[in-house]
Amino acid sequence: MIKSSLIKTGIITVLAMLILCGCGGRTGKEPDAAEPTISGETNKPTASVEANRDALQSIDPVYTQSPENVNGTVVPNESPENNNMDNSNQTSNTANNDGTSSSAEANIQIVLDKNTAKKDEIITAKIILNNIPKIAGYQVNIKYDPNILQAVDLDTGKPLEDKQIPVGGDVLSNPDYNVLPLAASDVKNGVINFAKAYVNVDEYKESNNPESSGVLALIGFKVLKEESTVISFADTPSMPNAVSGTYVYDWDFNVLTNYSVGKGVKVN
């Protein structure tokens, strides 16, 4: 049991290094990205990074379902002219007013408290997880136009910093399982990239109380210009094999892809 826990802690630490070195979606030349994988022998994800190349071997990941087969999964179009954008809907997918899914569909989506705002007003974006069972770790990459919107901390009203985790999440927040939060955003270029995972996965699984739905984070966006724009999940080279800018694994360390990702949400 001790050896197993040490192995899992080492795996999560390497994944943390991957996130911190990947830095979301920076413009310009991207660094060589490490790829999260699942080992065929242990069914645990491993990551190959330069400092651990001799200790870890990267192999192709095993997924619960091919991304091509995920109904409703979309790659968001960051342009406000996106013809598929539902201008009347404040959410990135079909949802109830509180952001929870109206069915048993597994999804991740963005829900806004309002989709019109004047200059200097703040819009709250709620990042919602619906019906993805046994989640033990996630990473999301969100894109917006920094010339029109400014990401802010909702508690202080101050600009969000690159290494700052957004507030308000209730998923993977139980301190009994040693929460590991990480952020590698690039707010100057309109990228918010953050992650959270349980380190004590064995204890979490033994509790037989899996988490499956809730709020990943609340992000404030201050309106700098009253122009039409979009907030969306977006793929990035630092997250290979992600599902439209999202990455999720369960308490068995299976990388999950059998869920949909909401379309971008339009502001103004």
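We use all heavy atoms of the structure for the numbers below, so side chains are in, but hydrogens, waters and symmetry mates are not.
- Looking at every heavy atom in both residues, N193 comes nearest to S185 through N-OG, 2.9 Å.
- Contact annotation: the side chain of N107 never approaches that of Y259 to less than 4.5 Å [non-hydrogen atoms, C-beta and beyond].
- Judged by distance alone, the side chain of S232 and the main-chain N or O of A234 form no donor-acceptor pair under 3.5 Å.
- If you take CG on L224 and CG on D145, they are separated by 9.0 Å, rounding to the nearest 0.5 Å.
- In terms of modelled atom types and a separation under 3.5 Å, the side chain of N130 and the main chain of A106 share no donor-acceptor contact.
- The closest side-chain heavy-atom distance from I108 to V248 is below 4.5 Å.
- Of all non-hydrogen atoms in P133 and S212, the two that sit nearest each other are CA-CB, 3.7 Å.
- Of all heavy-atom pairs spanning A197 and L172, the tightest one is CA-CD1, 4.2 Å.
- Note that CG of N189 and CG of D162 are 9.0 Å apart. Values are rounded to the nearest 0.5 Å.
- Pairs passing the ring pair (Phe, Tyr, Trp, His ring centres under 6.0 Å) check and including a residue from residues 154-182, sequence neighbours excluded, read Y177-Y198, Y177-Y204.
- Between A125 and F221 the shortest heavy-atom distance is CB-CE1, 3.8 Å.
- Legend: residues meeting side chain to side chain contact (heavy atoms under 4.5 Å, CB included) with K118, ordered by chain and number and at least two apart, are E121, E226.
- Within the model, atoms CG of L160 and CZ of F194 stand 9.5 Å from one another, a figure rounded to the nearest 0.5 Å.
- To the nearest 0.5 Å, the span separating CG on N141 from OG on S238 amounts to 6.0 Å.
- Between L149 and V223 the shortest side-chain heavy-atom distance falls below 4.5 Å.
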In sequence, state the C-alpha distance, the side-chain angles, and the governing distance for N268 and E227, and then conclude on side chain to side chain donor-acceptor pair (under 3.5 Å).
CA-CA 6 Å; N268 290 333; E227 298 180 9; over 6 Å; no
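- Side-chain contact between I219 and L154 is absent, with no heavy atoms from C-beta onward closer than 4.5 Å.
- The two residues S228 and I148 come nearest to each other via the heavy atoms O-CD1, 3.9 Å.
- One N or O on the side chain of S207 and one on the backbone of N209 form a donor-acceptor pair closer than 3.5 Å.
- D250 contributes a side-chain N or O that, together with a main-chain N or O of N254, makes up a donor-acceptor pair within less than 3.5 Å.
- The minimum heavy-atom distance between Q164 and D153, with the atom names listed, is NE2-OD2, 2.5 Å.
- The shortest side-chain heavy-atom distance between D202 and N200 does not fall under the 4.5 Å cut-off.
- Here the side chain of E206 pairs no donor or acceptor atom with the backbone of E203 at under 3.5 angstrom.
- Put simply, the side chain of N131 gets close to the backbone of E105: a donor and an acceptor are under 3.5 Å apart.
- Between the OG1 atom in T246 and the CZ atom in F233 there is a gap of 7.0 Å [rounded to 0.5 Å].
- Summarising the geometry, atom CE belonging to M239 is positioned 9.0 Å from atom OH belonging to Y247; distances are rounded to the nearest 0.5 Å.
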